[in-house]
*Asks:* 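Sharing a structure with you now.
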Amino acid sequence: MKRLIIITLILIAATAYITVKYFNNLNTSGVHAGNIMRTIPDDAAIVFEFTNEKSFYDIYKGNTLINNLIGEQKVSDLDTVRKILFDNAALTTFFTGRNVFVSVHPSQSNEVELLLTASAAKDIDLTEFDKLAKQPKTGMVITPLKIGEKRGYNIYFNTLKKRFYIINIDGNIFSGSFSKDLITRNANYSFNRDKPAFLLLPDQQNSNSLANLYVNYQRLQPLFSQLFKDGNTDIFKPVRLLPALAALNLNFKNDALMFSGYTNIEKEKAGTYLNVFTNQQPVSNQLKDIYPSTTAYALNLSASDPLKFSADLDDFQVKAGLQKEKSALFQKVKTETGLNLTHEFAQLLGNEFAVVTTRFQERMAIINVKNGSKLRPLVVNISTMITDDVGQFNYNKLPFFLLGDAFNAFKRPYFRVVDNYLIIANTTKELESYNDTYFNRKFLNKNEDYVKFDNLLAERSNVAFFINFKNAQQILKNGLKEDFYFAYKNNSLSWKNFYGASYQFAATDKNFYTNFCLLQNPADTTVSKKVY
């Protein structure tokens, strides 16, 4: 009996030790991630976190997913830094097994700049770099560097014929970049130890994740301004305005990059159009089944309670200073037609409404309604009919005030009611095009690649962005700055190798559960034969 008690006590002690050790490790992971990310300048839009260890690289060995995401030249640059610098015997023990944070920053040049940030496994004496500089045939020329109070090194890679700058940011945290301007900004950045610019993952989630993606949505706008000629493309525009931070986990798949996690609204900041959807429940997405086969990109919006959506949209528009204009418009409608349009439209509004842009740059809105036959006399009453089926609204900005910011492009659109859908467009030609699509079933979901892509997506959401890269090619050619489009079109590794991308928000607890998916194009199995 005494022996049994002793064995039991030993087992209890061992269990307690293992439990404490386990949770200490989790806390260490989370704390370290937070400490490192605080040092990253807050103009970063995106941060990708992974572990610098062989197992991670082995997973993606021979796989071009991440390479296509980052781009051919930057992949080559980062691979050189890893193999020649950090895998050198003098430094490998300090950085192997450590989490690396690759952040994306806008710049004044025609480049998207990357910053690498990591902590050493133990305090590293900067003289280790001095010793490395004295080694022969390392493929590098290393010289000391000082920016303000920060010390570091200027490293010239012989194979790349370019310089990489690395500095000791804080304690055992180091940052590096090929951009002298970015590393200087980082050296002079006064970070807030108490408030990181990114949402942090829970400790256990961080420890168990293969890789993570962090997004500061409002920092995406400067990035898009750098990529696009006018900086005001409507591709993913609402999400770039959202005051929110996201932390997403990578879900491994051979032919797709899939991230899922949470987007937390920054409540202290002014709300935007997408905030209205946080008060809804996720809705099963059906409108995508009638997207045209020529769809380049689309925004699908879903409301489980259309009446509440209309009321919340009204509150949002009042706070945005639009009450006077909105009230004057709907009072005019009521005076001239007798309709209380906001109330009657909300009663007929269905659960989904979408704005679709085709590869021909046609744009139309597809609005699900509860009863098309009841809606038709309502919209006819506020329109001038051109044919028995097609009319034009008599009043300006009705779609914007009835459905929100995503419909701002439709000032006095033409309309057609088809079954239980209200279709609106800025020209009759666009309406005719969709009419042909609808009745001849020329839908995107007839394409096998789209079906494969769609199978990866969440079935329910409140906000869903979609882009088909092949269909969007001409739009990207017209919109992207010349250097960026050239890299997109001509580099062997680029986003052109993806079939499509989707970003989905599903409301939960006044925030959003988030899914991001990029599906790679299937490998070309065609064998070319010589012609003699």
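Atom set for the values below is all heavy atoms of this structure, side chains included, hydrogens, waters and symmetry mates excluded. Each residue takes its place number in the sequence, starting with 1.
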*Asks:* Starting from the C-alpha separation in whole Å, work towards a yes-or-no answer on side-chain hydrogen bond (donor to acceptor under 3.5 Å, both in side chains) for Asn490 and Tyr485.
*Replies:* CA-CA 8 Å; Asn490 296 293; Tyr485 180 73; over 6 Å; no
*Asks:* Over 60° means perpendicular and under 30° means parallel, so classify the ring planes of Phe277 and Phe353, tilted if in between.
*Replies:*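 Phe353 vs Phe277 ring planes: tilted.
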*Asks:* With distance as the sole criterion, is a donor-acceptor pair present between the side chains of Gln281 and Ser304 under 3.5 Å?
*Replies:*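 Note: Gln281 and Ser304 side chains miss the donor-acceptor criterion.
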*Asks:* Would you say that Asn368 contacts Gln286 through its side chain, given a criterion of any heavy-atom pair below 4.5 Å between the two side chains?
*Replies:* no
*Asks:* Give a yes or no on whether Lys481 atom NZ has more than 12 heavy-atom contacts from other residues, nucleotides or ligands under 6.0 Å away.
*Replies:* yes
*Asks:* Closest heavy-atom contact between Gly404 and Gln317?
*Replies:*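 Of all heavy-atom pairs spanning Gly404 and Gln317, the closest is CA-NE2, 4.2 Å.
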*Asks:* Could you tell me how the ring of Tyr513 sits relative to the ring of Tyr262: parallel (under 30°), tilted (30 to 60°) or perpendicular (over 60°)?
*Replies:*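 Geometry flag for Tyr262 against Tyr513: perpendicular rings.
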*Asks:* Answer yes or no: is there a donor N or O on one side and an acceptor on the other, between the side chain of Gln280 and the main chain of Asp305, under 3.5 Å?
*Replies:* yes
*Asks:* Can Asp314 and Lys326 be counted as an ion pair, charged N to O under 4.0 angstrom?
*Replies:*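 Looking at Lys326 together with Asp314, the answer is yes, because their closest N to O distance falls below 4.0 Å.
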*Asks:* For Ser302, does its backbone N or O pair with a side-chain atom of Asn462 as donor and acceptor, under 3.5 Å?
*Replies:* yes
*Asks:* Does Gln347 reach the side chain of Lys374, with side-chain heavy atoms less than 4.5 Å apart?
*Replies:*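 They are not in side-chain contact.
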*Asks:* Between Phe345 and Phe401, does the ring centre distance come in under 6.0 Å?
*Replies:*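 Aromatic pair excluded; centres sit 6.0 Å or further apart.
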*Asks:* Whether the Asn515 and Gln504 side chains hold a donor-acceptor pair (N or O, under 3.5 Å, no angle test) is what I'd like checked.
*Replies:* no
*Asks:* Check this for me: Asp509, atom CG, are more than 12 non-hydrogen atoms of other residues, nucleotides or ligands nearer than 6.0 Å?
*Replies:*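 12 or below, so no.
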*Asks:* Could you tell me which non-hydrogen atom of Arg363 sits nearest to which non-hydrogen atom of Ala425, and how far apart they are?
*Replies:* O-CB, 3.7 Å
*Asks:* Considering residues at least two apart in sequence or located in another chain, which fulfil the side-chain contact (heavy atoms from CB on, under 4.5 Å) criterion with Leu213?
*Replies:* Ile46, Phe48, Val215, Leu248, Phe259, Phe516
*Asks:* Could you go step by step and tell me if Ile265 and Lys510 meet the side chain to side chain contact (heavy atoms under 4.5 Å, CB included) rule?
*Replies:* CA-CA 8 Å; Ile265 305 295; Lys510 305 294 183 182; over 6 Å; no
*Asks:* Pairing donors with acceptors under 3.5 angstrom, does anything connect the side chains of Asn275 and Lys267?
*Replies:* no
*Asks:* Can you label the angle between the Phe505 ring and the Phe465 ring as parallel, tilted or perpendicular, going by 30° and 60°?
*Replies:* perpendicular
*Asks:* Under a 3.5 Å threshold, yes or no: a donor from one side chain and an acceptor from the other, between Ser293 and Asn447?
*Replies:*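 Ser293 vs Asn447: no donor-acceptor pair found between side chains.
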*Asks:* Under 6.0 Å from the ring centre and within 45 degrees of the ring axis: does the NZ or CZ of Arg412 meet both conditions for the six-membered ring of Phe410?
*Replies:*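 Judged by the rule, Arg412 and Phe410 form no cation-pi pair.
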*Asks:* Can you check whether Val418 reaches Phe439 side chain to side chain, under 4.5 Å on heavy atoms?
*Replies:*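 Yes, their side chains come closer than 4.5 Å.
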*Asks:* Taking atom types as modelled and ignoring hydrogens, do the side chains of Thr64 and Gln520 form a donor-acceptor contact shorter than 3.5 angstrom?
*Replies:*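 A pair is found: one side chain offers a donor N or O, the other an acceptor, under 3.5 Å apart.
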*Asks:* Examine distances only and state if a side-chain atom of Thr437 and a backbone atom of Ser433 form a donor-acceptor pair shorter than 3.5 Å.
*Replies:*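 Here the side-chain-to-backbone pair exists.
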*Asks:* Check each of Lys429, Lys442, Arg416 against Asp436 using the salt bridge (Lys or Arg N to Asp or Glu O under 4.0 Å) test, and report the only one that passes.
*Replies:* Lys442
*Asks:* Stepwise, does the side chain to side chain contact (heavy atoms under 4.5 Å, CB included) test hold for Phe415 with Leu422?
*Replies:* CA-CA 7 Å; Phe415 80 89; Leu422 171 63; 4.0 Å; yes
*Asks:* For the residue pair Leu403 and Phe309, what are the closest heavy atoms and their distance?
*Replies:* O-CZ, 3.6 Å
*Asks:* Looking at Phe466 versus Phe453, is the centre-to-centre ring distance below 6.0 Å?
*Replies:* yes
*Asks:* What distance separates Leu480 CG from Ile475 CD1, expressed to the nearest 0.5 Å?
*Replies:* 11.0 Å
*Asks:* Measure across Ala354 and Leu287 and return the closest heavy-atom pair with its distance rounded to 0.1 Å.
*Replies:* N-CD1, 3.8 Å
*Asks:* State, yes or no, whether a side-chain contact exists between Pro413 and Pro399 at a heavy-atom distance under 4.5 Å.
*Replies:* yes
*Asks:* For Trp495 and Leu476, run side chain to side chain contact (heavy atoms under 4.5 Å, CB included): C-alpha distance rounded to whole Å, both residues' side-chain angles, the deciding distance at 0.1 Å, then the answer.
*Replies:* CA-CA 11 Å; Trp495 285 61; Leu476 294 174; over 6 Å; no
*Asks:* Report the residue from Asn468, Leu519, Leu257, Asp255 that forms a side-chain contact (heavy atoms from CB on, under 4.5 Å) with Phe498.
*Replies:* Leu257
*Asks:* Between Arg82 and Asp79, is the closest basic N to carboxylate O distance under 4.0 Å?
*Replies:* yes
*Asks:* Are any non-hydrogen side-chain atoms of Pro522 and Asp449 less than 4.5 angstrom apart?
*Replies:*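 Touching, per the 4.5 Å side-chain cut-off.
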*Asks:* Got a second to check how far Asp77's CG is from Leu114's CG, nearest 0.5 Å?
*Replies:*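 So the gap between those two atoms works out to 9.0 Å.
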*Asks:* Walk me through it: do Tyr450 and Thr295 pass the test side-chain hydrogen bond (donor to acceptor under 3.5 Å, both in side chains)?
*Replies:* CA-CA 11 Å; Tyr450 175 77; Thr295 298; over 6 Å; no
*Asks:* Distance check, rounded to the nearest 0.5 Å: Leu210 atom CG versus Ile59 atom CD1?
*Replies:*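 The CG atom of Leu210 sits 4.5 Å away from the CD1 atom of Ile59.
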*Asks:* Run the side chain to side chain contact (heavy atoms under 4.5 Å, CB included) check on Ser383 and Gln392 step by step: do they pass?
*Replies:* CA-CA 5 Å; Ser383 306; Gln392 183 180 23; 5.8 Å; no
*Asks:* Quick check against the 3.5 Å criterion: does Lys229 have a side-chain atom that pairs as donor or acceptor with the backbone of Asn478?
*Replies:* yes
*Asks:* Strictly by modelled atom types, are Asp234 and Tyr297 linked by a side-chain donor-acceptor pair under 3.5 Å?
*Replies:* yes
*Asks:* Strictly by modelled atom types, are Glu432 and Thr428 linked by a side-chain donor-acceptor pair under 3.5 Å?
*Replies:*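 Distance-only check fails for Glu432 and Thr428.
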*Asks:* Hey, mind stepping through Phe512 and Tyr503 against ring-ring contact (aromatic ring centres under 6.0 Å, His included) and telling me if it holds?
*Replies:* CA-CA 11 Å; Phe512 289 119; Tyr503 208 93; over 10 Å; no
*Asks:* Between Arg359 and Gln473, is there a donor-acceptor pair closer than 3.5 Å when you use the side chain of the first and the backbone of the second?
*Replies:* no
*Asks:* Are any non-hydrogen side-chain atoms of Leu402 and Thr342 less than 4.5 angstrom apart?
*Replies:* yes
*Asks:* Regarding Asn285 and Ser461, is there a side-chain donor-to-acceptor distance under 3.5 Å anywhere?
*Replies:*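 Yes.
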*Asks:* Report yes or no: do Glu352 and Asn300 form a side-chain donor-acceptor pair below 3.5 Å?
*Replies:* yes
*Asks:* Do the non-hydrogen side-chain atoms of Ile290 and Tyr421 ever get within less than 4.5 Å of each other?
*Replies:*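 Touching, per the 4.5 Å side-chain cut-off.
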